[in-house]
Amino acid sequence: MPIRIATWNINSLRLRIEAVSRFEKAFRPDVFCFQEIKCREAEFPYAALKAMGYDHFAVNAQKGYHGVAIASRFPLHDIESRDFCDKGEARHVSATVQAEAKGNVSGFQIHNFYVPAGGDVADPETNPKFKHKLQFLEEMQRHFSDDAPSSHAILVGDLNVAPLENDVWSHKALLSVVSHTPQEVERLNAVFESGGWTDPVRRQSPEPERVYTWWSYRSPNWALANKGRRLDHIWIRGALSMLPAETQIVRETRGWDRPSDHVPVLLDLR
DNA sequence: ATGGTTGGGGTCCAA
């Protein structure tokens, strides 16, 4: 049995806990990473997640906005939440997963990120949110290049950047749209390269195949128009990147009642 | 070029 990791920007975990349950029944992830949980820790739906078989948690929560969490069937150790950019925002949580497969126990580190969206204007001089986004990515780069790049780890989350031309519905139309500007892409690529990461989603589905994980709520006909972006990512490094890996993007959840605007990304590692 | 929708918390901000 492979180990299955899922990441999903859920856009309010309490509101969509039934969607999480439906997804869990169908896809059974072992380690489930959420972004935009949008609740205080006291409001975190521990009981509902325990009923789905998750007994181990790493939660970095705040009232109303942002918030990330890991729910795991395997024990979690060394739980840390780093306050990137020192703004007091809950955008990162990491843990060591004590995974067990075929009786072999081995650990790997997992980092769960919610990178700032960056506002509307792609100019750090006039838009402090965009400046924050660029600084957040720069701090991520420094953080991971300080590590031993060969250490096995997984990085997941809503990185709010679609780095490749075929990660958006129109490269040309989105070049000046926050999420696909050269400034962000350059910084995300620096995180990826200096950290020694690999991208199993694009290993499986190389360009020019179009891959999206997000469709705006503002498009009434999201499936037909299909103006999506790939904002949600799973990266792996070290010995993990040598393992047989399969990924899935579970687009069908975008068509469920009251959906998140993001869909889950799954990774199976053997 | 413009405006379109959703969620949380509270009468507007973030996405």
Side-chain angles (χ1 to χ4, degrees), chain A residues 7-21 23 33-45 48 59-69 83-92 112-124 126-137 156-163 167-170 172-181 183-185 187-188 212-233 251-265:
Chain A
T7 181
W8 197 1
N9 178 324
I10 197 65
N11 189 16
S12 174
L13 185 56
R14 288 177 295 172
L15 189 68
R16 268 178 266 285
I17 195 69
E18 284 309 312
V20 170
S21 178
F23 179 82
C33 298
F34 301 102
Q35 303 84 38
E36 286 207 273
I37 63 173
K38 289 188 171 177
C39 65
R40 299 178 184 91
E41 185 171 5
E43 301 155 340
F44 188 84
V59 179
N60 183 11
Q62 69 178 83
K63 179 183 176 184
Y65 302 107
H66 321 313
V68 290
D83 185 5
F84 286 78
C85 297
D86 293 317
K87 285 175 123 48
E89 296 182 343
R91 296 183 177 276
H92 166 261
N112 181 11
F113 278 97
Y114 178 47
V115 172
D120 290 330
V121 180
D123 178 4
T126 60
N127 175 8
K129 291 179 190 171
F130 192 67
K131 186 174 181 184
H132 178 209
K133 183 178 199 175
L134 297 182
Q135 288 178 335
F136 194 101
L137 291 167
V156 309
D158 176 3
L159 305 185
N160 263 319
V161 181
D167 291 340
V168 293
W169 62 275
S170 167
K172 195 176 165 190
L174 291 178
L175 263 174
S176 58
V177 174
V178 172
S179 71
H180 193 61
T181 66
Q183 290 186 89
E184 299 157 76
V185 169
R187 282 164 180 81
L188 189 76
Y212 310 140
T213 65
W214 174 89
W215 292 261
S216 173
Y217 284 128
R218 294 176 187 173
S219 174
N221 222 335
W222 71 273
L224 192 64
N226 199 27
K227 292 184 170 179
R229 306 178 200 172
R230 186 169 74 112
L231 304 179
D232 302 273
H233 300 268
R251 180 186 164 111
E252 67 195 66
T253 67
R254 186 63 179 77
W256 291 358
D257 282 345
R258 295 261 262 164
S260 171
D261 45 353
H262 295 254
V263 303
V265 183

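Not measured: the values here are computed from a predicted model. Reminder, nothing fancy here: chain letters follow the sequence lines and each chain counts from 1.
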**OP:** Check A:Trp215, A:Trp214, A:Trp169 against A:Trp222 for a ring pair (Phe, Tyr, Trp, His ring centres under 6.0 Å) and give me the one that passes.
**Re:** A:Trp215

Original post:
Tell me, for nucleotides 8-15 of chain B in 5' to 3' order, what letter each nucleotide earns: B for a base near a protein heavy atom under 4.0 Å, S for only sugar-phosphate near one, - for neither?
Top reply: SSS--BSB

Original post:
Would you call the rings of A:Trp8 and A:Phe23 parallel, tilted or perpendicular if under 30° counts as parallel and over 60° as perpendicular?
Top reply: tilted

For residues 172-180 of chain A, tabulate all N or O donor-acceptor pairs below 3.5 Å that involve a side-chain atom, not counting sequence neighbours.
residue	atom	partner	partner atom	Å
A:Ser179	OG	A:Arg229	NH1	3.1
A:His180	ND1	A:Ala162	O	2.7
A:His180	NE2	A:His171	ND1	2.8

Subject >> Whole-angstrom distance between B:dG10 and B:dT5, as gauged at atom P >> reply: 25 Å

Subject >> P atoms of B:dG3 and B:dG8, separation to the nearest Å >> reply: 27 Å

Original post:
Hey, is A:Arg91 close enough to A:Glu89 for a salt bridge, meaning N to O under 4.0 Å?
Top reply: yes

If you restrict it to nitrogen or oxygen atoms, what contacts under 3.5 Å exist between nucleotides 1-3 of chain B and the protein, and what is each distance?
none

Original post:
Are A:Val68 and A:Phe113 side-chain neighbours, meaning at least one heavy-atom pair lies under 4.5 Å?
Top reply: no

**OP:** Mind checking ring-ring contact (aromatic ring centres under 6.0 Å, His included) for A:Phe136 and listing every partner two or more places apart, or none if nothing turns up?
**Re:** A:Phe84

**OP:** Report the residues that fulfil ring-ring contact (aromatic ring centres under 6.0 Å, His included) with A:His132, sequence neighbours left out, ordered by chain and then residue number.
**Re:** none

**OP:** With P as the reference atom in both, quote the distance from B:dT2 to B:dT6 in angstrom, rounded to an integer.
**Re:** 23 Å

Original post:
Can you name the residues that form a ring-ring contact (aromatic ring centres under 6.0 Å, His included) with A:Tyr65, not counting sequence neighbours?
Top reply: none

**OP:** Take atom C1' in B:dA15 and the same atom in B:dG4, then report the distance between them in whole Å.
**Re:** 14 Å

Subject >> A:Arg258 CZ - B:dT5 P separation (whole Å) >> reply: 15 Å

